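Here the structure is a predicted model, which means the values were calculated and not measured.
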Amino acid sequence: MTETVEHLRDFNYYKLNQNVTQVLAEYIWIDGTGERMRSKTKVYQTPITQISDLEWWTYDGSSTEQANTKWSEIYLKPVVYVKDPFRGDPHILVLCETYLPDKKTPARYNFRWIANEIMEKAKDFKPWFGIEQEYFLLKRTGTTHIWPLGWPTGGFPYPQGRYYCSIGERNNFGRALAEAHLRACLNAGIKIAGVNAEVAPSQWEFQIGIAEGIEIGDHLWLARYILERLGEEFGIDINYDPKPIQGDWNGSGAHTNYSDVKTRGEGGYKYIVNELIPLLSNTHKEVLKLYGANNEKRLTGHHETSSYDQFSWGDGSRGGSIRVPVITKELGAGYLEDRRPAANIDPYLVSAVIVDVALLNSTYVNQLKQLLVQSAKPLA
């Protein structure tokens, strides 16, 4: 790949004739890795005005690491849709849950159903989330090897310090993709709150929120899908590994901001410090298992992280497990930031376990862990 970004969209997408009345629905789902998505297109002959207009559909689960070839049919259940920023109106992106042929048993890495159950039980507390999704942009330097965009091939750039929220050609790599992603998400109706260049060169972040309950997982997965699709056009791979480059370089997290009616109400800061933080501390080792694969490589106590083995917190601290923003302390109420989640989290798991610990007496923690373990087992 060259460093030149070509306008590939004009080549890849023919404009639809104005006389075309069909609706193209792009069905999207999480595959058997638990971290990547798949999609395929269904043509509808009539307008889509509500989720019930969308049919359940099937796909070959043996090709997505979710089934064997003797029993390979997996069902797609549409759960939410947004505008398609690539094809334009009236076409849509459809996020789906996945189920086995009985249409009742969740397929591998379908955690939305349990997250939705948890959110429904806690809905009176109105849990709000914002997730800061970090990622690296990687380019190909051959047929198999990949390396961060803007880095010398197989080598290293200047040390960190000049890249965070940077401007200028020598400091900022990939702005065109990040900007395209922001605009595409806004066009789709995704609750995106901002973007910025991160600490390591070619590392970026976008923020999703404020979103209530299950909506945070839905919008983050859809935003990831849009980013991956744009990566196709730019010839750039999107990497969510917690520590893609070893050495003196920041890893990638998915810092999760949380609040509810108690933290946002009168005395919210005292409630966070005296009641909520002890709950998070007591469940530290348990919930970390739901906070992304290989996260121990990132949570070293260095590079703006806390220790994987020890819980810590502080007002305005970016070296703790939990940061209580100074604005929360100043106002006496607000939100906290859980800095432990890795970039490759399933947001359904993380948002669900935070709500469970904060509001439901950790009723579901063990079940969430068991579901993750079961999904990770090799297929029979």
Side-chain angles (χ1 to χ4, degrees), residues 26-41 57-68 72 74-80 82 86 93-100 106-113 115 131 133-140 144-146 148 177 181 184-185 188 190 203-206 208 216-244 251-254 290-295 297-298 341-351 371-379:
E26 192 72 15
Y27 278 51
I28 302 163
W29 68 96
I30 302 161
D31 71 10
T33 66
E35 295 183 13
R36 294 293 181 180
M37 289 165 285
R38 308 288 178 113
S39 74
K40 63 177 184 174
T41 306
W57 204 13
T58 61
Y59 66 93
D60 173 17
S62 68
S63 297
T64 64
E65 301 180 51
Q66 291 170 293
N68 58 49
S72 65
I74 301 290
Y75 269 101
L76 291 168
K77 175 187 176 182
V79 290
V80 65
V82 296
F86 302 102
L93 304 179
V94 184
L95 187 64
C96 301
E97 291 184 15
T98 53
Y99 287 90
L100 299 187
R108 293 180 82 191
Y109 292 101
N110 172 11
F111 303 126
R112 188 185 185 278
W113 67 274
I131 293 183
Q133 176 70 74
E134 295 177 339
Y135 59 95
F136 269 85
L137 302 176
L138 304 183
K139 65 176 181 178
R140 297 205 172 273
T144 58
H145 185 67
I146 50 181
L177 176 54
H181 180 242
C185 284
I190 301 296
Q203 184 187 40
W204 284 81
E205 172 185 299
F206 66 87
I208 297 296
I216 187 64
D218 293 344
H219 282 238
L220 184 61
W221 275 115
L222 285 166
R224 284 175 172 175
Y225 174 82
I226 291 171
L227 185 59
E228 294 275 359
R229 284 282 303 274
L230 288 167
E232 293 177 15
E233 298 184 18
F234 283 79
I236 292 175
D237 181 57
I238 311 302
N239 182 282
Y240 298 109
D241 192 284
K243 190 72 173 180
S252 294
L290 303 170
Y291 275 27
N294 301 315
N295 199 18
K297 295 180 180 179
R298 168 181 159 266
N344 61 355
I345 60 165
D346 186 316
Y348 294 130
L349 286 178
V350 169
S351 59
L371 289 171
L372 180 59
V373 169
Q374 291 171 4
S375 287
K377 288 181 179 179
L379 291 170

Does the side-chain contact (heavy atoms from CB on, under 4.5 Å) test come out yes or no for Asp346 and Tyr109, once each step is laid out?
CA-CA 9 Å; Asp346 186 316; Tyr109 292 101; 5.6 Å; no

Please answer whether the main-chain N or O of Leu372 pairs with a side-chain N or O of Ser375 as donor and acceptor at a distance below 3.5 Å.
no

Atom CG of Leu177 and atom CD1 of Ile238: how far apart are they, to the nearest 0.5 Å?
5.0 Å

Do any N or O atoms from the side chain of His181 and from the backbone of Ala223 form a donor-acceptor pair under 3.5 angstrom?
yes

With rounding to the nearest 0.5 Å, note down the distance linking CG in Leu222 to CD1 in Ile28.
5.5 Å

On a heavy-atom basis, the closest approach of Tyr348 and Ala115 is O-CB, 3.6 Å

For this output row, return yes or no: ring centroids of Tyr99 and Trp113 closer than 6.0 angstrom.
no

For Ile131 versus Pro347, what's the shortest heavy-atom pair and its separation?
CD1-CB, 4.0 Å

Under-4.0 Å salt bridge between Arg112 and Asp218
yes

Any side-chain heavy atom of Pro148 within less than 4.5 Å of one from Leu138?
yes

Nearest 0.5 Å, what's the CD-CD1 distance between Glu228 and Ile236?
11.5 Å

In Lys77, Gln66, Glu97, the residue satisfying side chain to side chain contact (heavy atoms under 4.5 Å, CB included) with Asn110 is Glu97

When rounded to the nearest 0.5 Å, the distance separating CG of Leu76 from OG1 of Thr58 is 7.5 Å

Is the ring pair Phe206/Tyr135 parallel, tilted or perpendicular, if the boundaries are 30 and 60 degrees?
tilted

Ala293 versus Glu35, closest heavy-atom pair with distance:
CB-OE2, 4.2 Å

Evaluate the side-chain proximity of Thr98 to Ile30: yes if any heavy-atom separation is below 4.5 Å, no if none is.
no

Lys/Arg cation over aromatic Tyr59: Arg38, 6.0 Å, 45° cone:
no

Can you check whether Glu26 reaches Ser39 side chain to side chain, under 4.5 Å on heavy atoms?
yes

Give the intermediate values and the outcome of side-chain contact (heavy atoms from CB on, under 4.5 Å) for residues Arg224 and Leu227.
CA-CA 5 Å; Arg224 284 175 172 175; Leu227 185 59; 5.6 Å; no

Start with the C-alpha distance between Trp29 and Leu95, add both sets of side-chain angles, then the distance that settles side-chain contact (heavy atoms from CB on, under 4.5 Å), and finish with yes or no.
CA-CA 6 Å; Trp29 68 96; Leu95 187 64; over 6 Å; no

Using the rule given for side-chain contact (heavy atoms from CB on, under 4.5 Å), can you reason through Asp31 versus Glu65, listing the C-alpha separation, both sets of side-chain angles and the distance that settles it, and then say yes or no?
CA-CA 7 Å; Asp31 71 10; Glu65 301 180 51; 5.7 Å; no

Minimum heavy-atom separation for Phe86 to Ile226, with atom names?
CZ-O, 3.8 Å

Are Asp241 and Phe136 packed together at the side-chain level, in the sense that at least one heavy-atom pair is separated by less than 4.5 angstrom?
no

Measuring from atom SG of Cys185 to atom CD1 of Ile208, what distance do you get when rounded to the nearest 0.5 angstrom?
5.5 Å

Asp60 versus Ser72, closest heavy-atom pair with distance
OD1-CB, 3.4 Å

Rounded to the nearest 0.5 Å, how far apart are CG of Asn344 and CZ of Arg36?
10.0 Å

What are the two closest non-hydrogen atoms of Cys96 and Tyr27, and how far apart are they?
SG-CD2, 3.6 Å

Within 6.0 Å of OH in Tyr75, more than 12 heavy atoms from elsewhere
no

